[in-house]
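Everything on this sheet refers to the single structure shown next.
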Amino acid sequence: MQTTATPTHCPYCALQCGMNLTPTPDGTVEVSERTDFPVNRGALCGKGRTAPAVLASNVRLTSPLVREGGTLVPASWDEALDRIAEGLRRTRAEYGPDGVGVFGGGGLTNEKAYTLGKFARVVLGTSQIDYNGRFCMSSAAAAGIKAFGLDRGLPFPLEDIPKTGCVILVGSNLAETMPPSLRFLTELKENGGTLVVIDPRRTKTAEQADLHLAPRPGTDLALALGLLHLVIAEGRVDEEYVRERTVGWEDARAAAMAHWPEYVERITGVSVPQLRETVRLFCEPEAAMVLTARGPEQQSKGTDTVGAWINLCLATGRAGRPLSGYGCLTGQGNGQGGREHGQKADQLPGYRKLDDPAARRHVADVWGVDPDSLPGPGRSAYELLDALGTDIKSLLLMASNPVVSAPRAAHIEERIKSLDFLAVCDVVLSETAALADVVLPVTQWAEETGTTTNLEGRVLLRRQAITPPAGIRSDLEVMHELAARLGVEKGFPTDPEEIFEELRRASAGGPADYSGITYRRLVEENGVFWPCPAVEPEGLTGDQDGEGGPGARRGAAGRPASTKDTTISTGDTTTSSGDTADRAHPGTPRLFLDRFATPDGRARFVPVSHRAIAEEPDDEYPVLLTTGRVVAQYQSGAQTRRVAELNAAAPGPFVELHPRLAARLGAAEGDPVAVVSRRGRAVAPARITDAIRPDTVFMPFHWPGEGRANSLTNPALDPTSRMPEFKACAVRLEAVRP
């Protein structure tokens, strides 16, 4: 048995923290520090330390399950795969290709996400594919593409954060969602920089701030516009930068000037002196950053909200310059890579657009199919789930748990139950898998090799450390077997490196160009930042020394040089490579320093104006609900709720409310409180604190059942990103009497 440590990465959030895994004689896996990875430098949160607990046979699925007489019972792999193939085949025959839906996840590796998108379009011929990452950072992605011509969560490495002068952190609680990253903010302050945190709650992260602003949920757009108004009024616009590196300033300026400070104070509850102090802290240093997360993004106006924060950066010359810029703190483990390679409704690999004829030709050539055979764009995530049982009759779902994670979750649960056929691939029997006709147990992070792309745009290699139990197969093997059963014998290999080589060709020349990245480079260089074209262009002034570099290049067109002799040992770093290493593109840690990824190289101001949330409080529902995470649980909790240590730290849902609100309700600490919206009702114990606004309640969304927060949330969609409005809806509170 292998007993040496395998360097790899955590399966949870988008930090993708480095760790070492060592098999033990009793069949478990031991986690140890891996100090060479710069993102976490050895530090791990409780979720990372306990991640191997989900590998245990008494926690995970160990056999395929099929539904017999209303009950899921063990079955052979052949029987389970045959049932799935027959269910999908039957639906296609009766309702056409779009009668079948595919729903993926931001936890899938790049190889799996790529193969899932290819499977949907080539084998099933369906346009109905999307993934749960739509619920994460799609608004930031849409705003980034509008402004910069490119979406990459962070356009700079995390290591730049402590070196800037000021960070405005909007709607992020890093201390609980990404604990190892808090050190970058601590180091920022140690270096003399300042931190402004914007959150309706005084979170553990907000407690670290030099200035905490607590706006009313759903008013971040007005807040950003008010700050830009003050920048203009106080003469702090970087006129030379605006003139030389941007377009559209006059319209954006006019929109901002309609949001004078006193008006913004009335909307947000943030005082004018606090607005002025924020502008001073942001504008006085030579460099500054704005980082957003789900708070401003998970709104029905999330794209415009992020756009307003980008406008603030552009007006002050804080984008495309060293140690400055706008960045999105991507949430899911492979949320960045997951949206780049084809499991999104409107995209093809390499972040190409599905409705672009040139993109269709390029990818179809790699896949060996007719471009006209590829379906067009389909429904976004919530719209796809909402169509289940009506337009979409069968669903293949991987690595997602929408029964807990989707907005208006009770409705989505009913839509899932109304399907003719549901097949789920997962590592545990999630609440969604429990409703399936067939459930397939698949390999986990420590049992397979594959790449992920973290929140910095750093492509990483997760390496297999242990052998999966007998009877467990990978998602890649599942798609290979299903493709064969559905008449496609070739094009769906099971070897992840072979798939990555194809992904390189498919992404070549696209916005997210991975063509210069190989497994060998990922091992030797501890990850590579995209874009990374296949061959170093002549005259490159790249970012090899980490102090500067090119703008977001579109990449070298065509296929990468041959790497067919590349090999990798999943247990150590023994590799061999092709002959192009001396001409390798260094990757692009820092984007936009020369030019933006727009046709003329200039960033775009996008004029935006404040508008209300989709559902404002009224006499019947007078309180605002906002949702989020706690440190010991992750996403829908399907895995973390099965870990004893994490459950001890966070055993169940709660309703956080201000003492004044609790007094009006007559609720004491720990009393059950009902939260009621127009969509549903949830009950959980009261947690009373003055760290939240008196007009707002907070619920974490990790739990199913009576305390399911997403029974309440509003599926009102952003018109551009199709992001639901998770972060603000009207509710009322009711005391629950014995």
Side-chain angles (χ1 to χ4, degrees), residues 8-19 31 39-40 43-56 59-60 104-109 131-137 153 172-182 203-205 293-295 298 329-338 398-406 409 426-433 442 444-446 452 454-455 462 627-654 698-705 707-710 726:
T8 188
H9 296 272
C10 178
Y12 289 117
C13 81
L15 289 179
Q16 288 296 278
C17 291
M19 59 169 59
V31 173
V39 170
N40 64 309
L44 292 170
C45 73
K47 294 185 292 291
R49 286 188 295 98
T50 61
V54 186
L55 298 167
V59 172
R60 67 184 305 165
L108 295 175
T109 62
Y131 83 126
N132 61 17
R134 175 80 63 175
F135 299 156
C136 189
M137 52 276 164
S172 172
N173 184 12
L174 284 177
E176 296 204 57
T177 60
M178 297 178 173
S181 68
L182 190 64
T203 64
K204 292 181 180 179
T205 307
R294 307 301 80 77
Q298 286 182 328
L329 297 168
T330 303
Q332 292 193 77
N334 196 32
Q336 180 71 52
M398 288 186 173
S400 187
N401 189 18
V403 165
V404 178
S405 63
D426 211 331
V427 300
V428 296
L429 191 67
S430 70
E431 287 71 24
T432 305
V442 291
Q444 297 187 49
W445 58 290
T452 62
N454 81 343
L455 76 172
R462 278 194 204 155
T627 64
R629 286 170 48 189
V630 296
V631 66
Q633 301 289 353
Y634 179 72
Q635 304 298 73
S636 76
Q639 295 181 52
T640 51
R641 283 187 277 111
R642 288 167 166 81
V643 179
E645 180 180 328
L646 301 179
N647 278 336
F654 56 86
F698 167 83
M699 289 188 72
F701 59 77
H702 309 290
W703 288 274
R708 180 172 59 185
N710 278 318
F726 287 99

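Nothing fancy with the numbering, it's 1 onward along the sequence.
Between T330 and G153 the shortest heavy-atom distance is OG1-CA, 3.9 Å. The two residues F726 and T627 make their nearest non-hydrogen contact at O-OG1, 3.5 Å. Scanning both residues, V404 and P704, for their nearest heavy atoms gives CG2-CB, 3.8 Å. Listed here is the closest heavy atom pair of V631 and P179: CG2-CG, 3.8 Å. Between A638 and V428 the shortest heavy-atom distance is O-CG2, 3.6 Å. The nearest pair of heavy atoms linking G331 to M137 is N-SD, 4.2 Å.
Put simply, the side chain of H702 gets close to the backbone of Q635: a donor and an acceptor are under 3.5 Å apart. The closest donor-acceptor contact from the side chain of R641 to the backbone of S636 lies under 3.5 Å. Side chain of Q16 to main chain of C10: a donor-acceptor pair is present (N/O by atom type, distance under 3.5 Å, no hydrogens or angles). Under the 3.5 Å distance criterion, the side-chain polar atoms of N334 are left unmatched by any main-chain donor or acceptor of A14. A donor-acceptor pair is defined here as one N or O able to donate and one able to accept, closer than 3.5 Å; no such pair exists between the side chain of Q332 and the backbone of C13. Using modelled atom types, one side-chain atom of T640 and one backbone atom of Y634 make a donor-acceptor pair closer than 3.5 Å. A donor-acceptor pair under 3.5 Å links the side-chain atoms of Q298 to the main chain of F135, judged by distance alone. Looking only at distances, no side-chain donor or acceptor of D426 sits under 3.5 Å from a matching main-chain atom of L429. Side chain of N710 to main chain of S405: a donor-acceptor pair is present (N/O by atom type, distance under 3.5 Å, no hydrogens or angles). The main-chain N or O of A175 is found under 3.5 Å from a side-chain atom of T205 such that the two form a donor-acceptor pair.
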>> Please determine whether side-chain contact (heavy atoms from CB on, under 4.5 Å) holds for the pair L329 and L455, giving the CA-CA distance in whole Å, both sets of side-chain angles, and the decisive distance to 0.1 Å.
In response: CA-CA 6 Å; L329 297 168; L455 76 172; 3.9 Å; yes
> Given the rule in the side-chain contact (heavy atoms from CB on, under 4.5 Å) test, do Q444 and R60 qualify, once you have shown the distances and angles that lead to the verdict?
Replying inline: CA-CA 10 Å; Q444 297 187 49; R60 67 184 305 165; 3.5 Å; yes
> R629 and N173: side-chain contact (heavy atoms from CB on, under 4.5 Å), yes or no, with the steps?
Replying inline: CA-CA 9 Å; R629 286 170 48 189; N173 184 12; over 6 Å; no
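The salt bridge (Lys or Arg N to Asp or Glu O under 4.0 Å) check on R134 picks up D130, with sequence neighbours excluded. R642 meets the salt bridge (Lys or Arg N to Asp or Glu O under 4.0 Å) test with no other residue; sequence neighbours excluded.
Rounding to the nearest 0.5 angstrom, the gap separating the SG atom in C17 from the CG atom in L44 is 6.0 Å. Note that CD of Q633 is 11.5 Å distant from CD of E176, once rounded to the nearest 0.5 Å. Rounding to the nearest 0.5 angstrom, the gap separating the CG atom in L182 from the NZ atom in K204 is 10.5 Å. Taking CD of Q639 as the start and CG of L55 as the end, the distance is 9.0 Å to the nearest 0.5 Å.
Residues V630 and F654 form a side-chain contact, since some pair of their non-hydrogen atoms from C-beta on lies under 4.5 Å apart. Contact of the P52 side chain with the V31 side chain is registered, since non-hydrogen atoms from C-beta on lie closer than 4.5 Å.
Screening residues 45-56 for side-chain hydrogen bond (donor to acceptor under 3.5 Å, both in side chains), with sequence neighbours left out, gives R49-E645.
Judged purely by distance below 3.5 Å, without hydrogens or angles, the side chains of Q336 and N454 never pair a donor atom with an acceptor atom.
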